[in-house]
2 protein chains.
Amino acid sequence: MAQEPKFQPVQPVRAYQRIVEQIEDALIRGDLTPGQRLPSERELVSQFAVSRSTVREALRVLESGGVVRSRPGDPNGPEILPFTSAPLRKQLFRLARVDQLTLSELIGFRMIMDGAAIQLASRLRTDEQLAEMEQTLVAMRAAIDVDFNAFSEADLAFHEVIARVSRNSLIETCNEVVRGVVLGLIADKIANATNSRALMLESLQHHTEVVEAIRAGDGHAAARIARQNLYDYYAAYVPLPDREPLQALIDD
Amino acid sequence: MAQEPKFQPVQPVRAYQRIVEQIEDALIRGDLTPGQRLPSERELVSQFAVSRSTVREALRVLESGGVVRSRPGDPNGPEILPFTSAPLRKQLFRLARVDQLTLSELIGFRMIMDGAAIQLASRLRTDEQLAEMEQTLVAMRAAIDVDFNAFSEADLAFHEVIARVSRNSLIETCNEVVRGVVLGLIADKIANATNSRALMLESLQHHTEVVEAIRAGDGHAAARIARQNLYDYYAAYVPLPDREPLQALIDD
DNA sequence: CTCCTGAGCTGGTCGGACCAGTGGACTAGG
DNA sequence: CCTAGTCCACTGGTCCGACCAGCTCAGGAG
């Protein structure tokens, strides 16, 4: 059977794009690793045989993607950055704002992520890891009497343990990203309440229940509790339209 | 209680960044909508009171984020684009390649996403939507005799219905993004097999089982079948290290 | 030995220039 | 009157040269 020609629409490839590609490829191949430095702009000009404007456009693109960072006056040149989820969060934030993406969808997504991570954790955890979780609970209880930042840090540590135990960092990364997006959306409504002591105590209670279910090996129950807690947490701050899908996630 | 000064580390804000912010803000506020055109670069130069280099760097950043598209010679100026998941996929792809992100994690993530969407769908679906799903199955069966592209399109239509019924487009967006990333990672191993007729038939069979479970209202079973199918699909092509978490997702 | 200074680099921004390409106005032809 | 072809103003892509403020570090003053 003779194939149709199947021509592809051709769009011009700009010079700065090929520079971006070359640098990204070098990163993927491992020729460039985080912490290393790129040559200075003027040096790149001669290496790529283009003008400085073109080099700079390429560097701006890489910089907006979180790949490199340029600092004025730094004689070492632009720095290759380790990967962070910041650009991912930025993209998702735009998706949430520009596209119609409701709060319910974001929260539902978090409920799924959190539930899945905890369900995996309750199945895959070792006894040592369980002890580690309980250790973070103790740290959280202690942090309540310090300040909200300490508590927030202990909470982060807990989720980090969950991520490691579930053996899927992508879940926790996405969870973290969406968490940041939601926070950005409802920041005004939550601002003066986050440091409430009662809130921290309730959060601790929730975490304790989850760990209890994990210890019992009941991943199903652990996930349901986690989703319920997340739902309660957000519902306390902001009216949620379209609750039915969220309720469905809790009912299982 | 007197607050500590709490100074923030200040990093210089470049001119091009403020241009990007202004345009993104205008997009979020709705002053700019997809399809509209930005003024020409030289016009923006006078509006922002900066040089063309600066305007161009801002445009390159926006372009790399999928916000606008510039075409040489277009007298209408840069075009505001509708949101696509392409930049999201690019970011995640980089995370997968540069950072340590295993195939198992990506596939596990898809299993969770797919399962959750289908579980939601089986709970929230109306009879009309169920009929719609079955309609796409008919279309898929018909598409098998045409070519692989038609089948792939019908498959996409099925997932689109699921996304709508689950009332959470974010789930399907993420699923789609990760699907693209995985495809990019294992493209070499899957290349010459994707158009196999047997494969299409098997895929259709899987979809049929899922719809059957959705009809029965058994979200639990529907999700498990979906996860199992996804696992089988990938396992047929590529050896999966660290299968235990994936198996845990299937066992429930 | 320490401290300070200054030179030489860095990136950030500017202004001007040229080019190939686009699209719409304008005109010649029906 | 409408259509088809030409032409030109303007677009974005790239280049060049210049200036500035800031960072490092070598080297000199104490």
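Side-chain atoms are counted along with the backbone in the values below, which use heavy atoms only and exclude waters and symmetry mates. Letters A, B, ... mirror the listed sequences (proteins, then strands); counts begin at 1. None of the values given here were measured: they were computed from a predicted structure.
The nearest whole Å value for the distance from the CZ atom in B:Arg37 to the P atom in D:dC10 is 18 Å. What separates CZ of B:Arg69 from C1' of D:dG13 is a distance of 16 Å, to the nearest Å. In this structure, A:Glu63 places its CD atom 6 Å from P of C:dG12, rounding to the nearest Å. The separation between A:Phe48 atom CZ and D:dT14 atom C1' is 16 Å, rounded to whole Å. The distance from atom CD of B:Glu41 to atom P of D:dT14 is 11 Å, rounded to the nearest whole Å. Taking atom CG of residue A:Asp74 and atom C1' of nucleotide D:dA21, one finds them 15 Å apart after rounding to whole Å. Atom-to-atom, CG of B:Asn76 to C1' of D:dG12 comes out at 13 Å; the value is rounded to the nearest Å. With rounding to whole Å, B:Glu57 atom CD is found 14 Å from D:dC15 atom P.
Backbone-only contact: A:Arg60 has heavy atoms under 4.0 Å from sugar-phosphate atoms and none from a base. As judged by a 4.0 angstrom heavy-atom cut-off over every strand, B:Arg56 is placed among the base-contacting residues.
By the neighbour-count criterion of 12 heavy atoms within 6.0 Å, atom CD of A:Glu160 is sparsely surrounded, having that number or fewer from other residues, nucleotides or ligands.
Ion pairing between A:Arg97 and B:Glu24 fails under the 4.0 Å rule for side-chain N and carboxylate O. At a threshold of 4.0 Å, the pair A:Arg197-A:Asp145 counts as salt-bridged, since one of the basic side-chain nitrogens sits closer than that to a carboxylate oxygen. Remark: A:Arg60 does not engage A:Glu57 in a salt bridge, criterion side-chain N to carboxylate O under 4.0 Å. Salt bridge B:Glu63/A:Arg14: present, at least one basic N to carboxylate O contact under 4.0 Å.
The shortest distance between the side-chain N/O atoms of B:Ser70 and the OP1/OP2 oxygens of D:dT11 is not below 4.0 Å. Side-chain N/O atoms of A:Ser40 include one lying less than 4.0 angstrom from OP1 or OP2 on C:dT10.
Comparing C:dG15, C:dG12, C:dG23 by their nearest atom to the side chain of B:Ser53 picks out C:dG15. If you check D:dG13, C:dT13, C:dG23 against the side chain of B:Pro72, the one that comes closest is D:dG13. Distances from the side chain of B:Pro78 to the nucleotides C:dT13, D:dG12, C:dG11 place D:dG12 closest. Relative to the side chain of B:Ser51, the nucleotides C:dG15, D:dT24, C:dG12 differ in distance, and C:dG15 lies closest. Distances were taken from every side-chain heavy atom of B:Arg14 (C-beta onward) to each of D:dT14, C:dT13, D:dG13; the shortest belongs to C:dT13.
Annotation: of the two residues near DNA chain C, B:Arg42 and B:Ala49, the 5′-most nearest-nucleotide partner is B:Ala49. For A:Gly73 and A:Arg18, each mapped to the nucleotide of DNA chain D holding its nearest heavy atom, the one lying further toward the 5' end belongs to A:Arg18.
For D:dG13, the base has a donor-acceptor partner in the side chain of B:Arg52 [N/O atoms by modelled type, under 3.5 angstrom].
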